[in-house]
Enquirer: 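What follows is a structure written as structure tokens; I'll ask about it next.
Proteins get letters first, then strands, A, B, ... in listed order; numbering begins at 1 in each. Bear in mind the structure is a predicted one, so any value in this text is a computation, not a measurement.
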Amino acid sequence: MKLERIEEILSTIDRLGVVSVKQLHEILRLGSYRHTCRVVSQLEEYLNVVRSQQKIVYLNKEGRQLIGSEREIKKSVLFDHMLLNNEAYIYYGCPSDWKREYTIEITQEPEFSFGIQIKGMSITKKKTIISDAVFSRDGYIHLVEIDNTRSMQDNRKKIQKYKEMWTEIKSQFGQQPKLCIFTMSEKRKREFLSLCEKLPCDIKSFYEL
DNA sequence: GATAGAGTCAGGGTATTCCT
DNA sequence: AGGAATACCCTGACTCTATC
């Protein structure tokens with residue numbers, strides 16, 4: 001296989017972190033599924049392979065070295081979450097500016113300063129929120145949240161955080177982003193729908209994909 | 001003609017579902 | 001429960017095609 005092609009495929013894997021062969025088949029579009037399997041097995045010297053329900057791969061040291069990636073992936077319980085993240089990536093047509101684990105940091109002016117100004121000290125506070133992924137489409141920013149096994153209580157907290165920060169998020173992106181949420185069941189989808197009432201959002205359950 | 005890329009078919013392995 | 005049937009995933013072997 002040509003080096004260029006190897007690097008291209010390894011970069012794709014690097015960008016997603018962890019990916020199943022089935023997902024690679026949809027992303028790379030190398031022809032038949034059989035052929036994707038073959039390509040992956042040819043690249044195995046650069047990959048760690050995990051067999052659970054299906055074969056999933058991520059870059060090993062050689063692979064990272066070849067494409068100069070600093071991002072080391074360790075085998076973890078987060079794999080399922082990352083694979084679901086990929087499903088969203090595929091659903092949106094593999095956006096070229098897709099970024100995982102995107103940190104949004106904002107500074108908020110305090111609502112009440114009680115008229116006190118302390119010299120040399122800023123009373124603004126910083127807040128961060130990490131989206132599972134961010135991408136743009138037709139010029140619009142999309143923030144992606146993947147709900148796998150998080151408790152609904154945690155989900156409520158996170159959505160609340162988005163609501164609190166939404167004004168600043170808007171001004172940071174210079175536009176109204178869209179919150180895209182993928183969840184595991186219709187029941188949760190309904191809960192998210194009511195939680196996100198006032199946010200521009202797109203909520204889907206994985207069964208719809 | 002050698003090589004790489006790609007398709008088809010068959011079969012093994014394992015998980016899931018079905019049936020008694 | 002436990003064995004049979006089914007479904008799904010992965011791989012090997014063979015073949016064809018394009019390109020150099």
Enquirer: Testing the 3.5 Å rule here: is there a donor-acceptor pair between the side chains of A:Thr128 and A:Glu105?
Expert: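 No, A:Glu105 and A:Thr128 have no side-chain donor paired with an acceptor closer than 3.5 Å.
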
Enquirer: Looking at A:Lys55, I'd like to know if its NZ atom is crowded, meaning that more than 12 non-hydrogen atoms belonging to other residues, nucleotides or ligands lie closer than 6.0 Å.
Expert: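 Counting other residues, nucleotides and ligands, NZ of A:Lys55 exceeds 12 neighbours.
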
Enquirer: Considering residues, nucleotides and ligands other than A:Lys127, do more than 12 of their heavy atoms fall under 6.0 Å from its NZ?
Expert: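 Enclosed: over 12 neighbouring heavy atoms sit under 6.0 Å from NZ of A:Lys127.
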
Enquirer: According to the interplanar angle, ranging from 0 to 90°, do the rings of A:Phe135 and A:Tyr92 count as parallel (below 30°), tilted (30 to 60°) or perpendicular (above 60°)?
Expert: tilted

Enquirer: So, for A:Ile67 and A:Leu59, which heavy atoms are closest and what is the spacing to 0.1 Å?
Expert: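 Minimum heavy-atom contact is CD1-CD1, 3.7 Å.
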
Enquirer: Grab the CZ-C1' distance between A:Arg51 and B:dG13 for me, whole Å please.
Expert: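 After rounding, the gap between these two atoms is 11 Å.
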
Enquirer: Between the protein and nucleotides 15-17 of chain B, which nitrogen or oxygen pairs come in under 3.5 angstrom?
Expert:
residue: B:dT16; atom: OP1; partner: A:Gln53; partner atom: NE2; Å: 3.3

Enquirer: Side chains of A:Ser131 and A:Tyr162: closer than 4.5 Å at any heavy-atom pair?
Expert: yes

Enquirer: Do you know the tightest heavy-atom contact between A:Pro95 and A:Arg15?
Expert: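 Minimum heavy-atom contact is O-NH1, 3.6 Å.
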
Enquirer: Any side-chain N or O of A:Lys22 less than 4.0 Å from the OP1 or OP2 oxygen of C:dC8?
Expert: no

Enquirer: Shorter than 3.5 Å, N or O on both sides, protein versus nucleotides 2-8 of chain B: list them out with atom names.
Expert:
residue: B:dG5; atom: OP1; partner: A:Arg5; partner atom: NH1; Å: 3.3
residue: B:dA6; atom: OP2; partner: A:Arg5; partner atom: NH2; Å: 2.8
residue: B:dA6; atom: OP2; partner: A:His35; partner atom: NE2; Å: 2.8
residue: B:dG7; atom: OP2; partner: A:Ser32; partner atom: N; Å: 2.4
residue: B:dG7; atom: OP2; partner: A:Ser32; partner atom: OG; Å: 3.0
residue: B:dG7; atom: N7; partner: A:Arg38; partner atom: NH2; Å: 3.1
residue: B:dG7; atom: O6; partner: A:Arg38; partner atom: NH1; Å: 2.9
residue: B:dG7; atom: O6; partner: A:Arg38; partner atom: NH2; Å: 3.3

Enquirer: According to a hydrophobic-cluster definition based on side-chain heavy atoms being under 4.5 Å apart (Ile, Leu, Val, Met, Phe, Trp, Tyr only), do A:Leu24 and A:Leu66 belong together?
Expert: yes

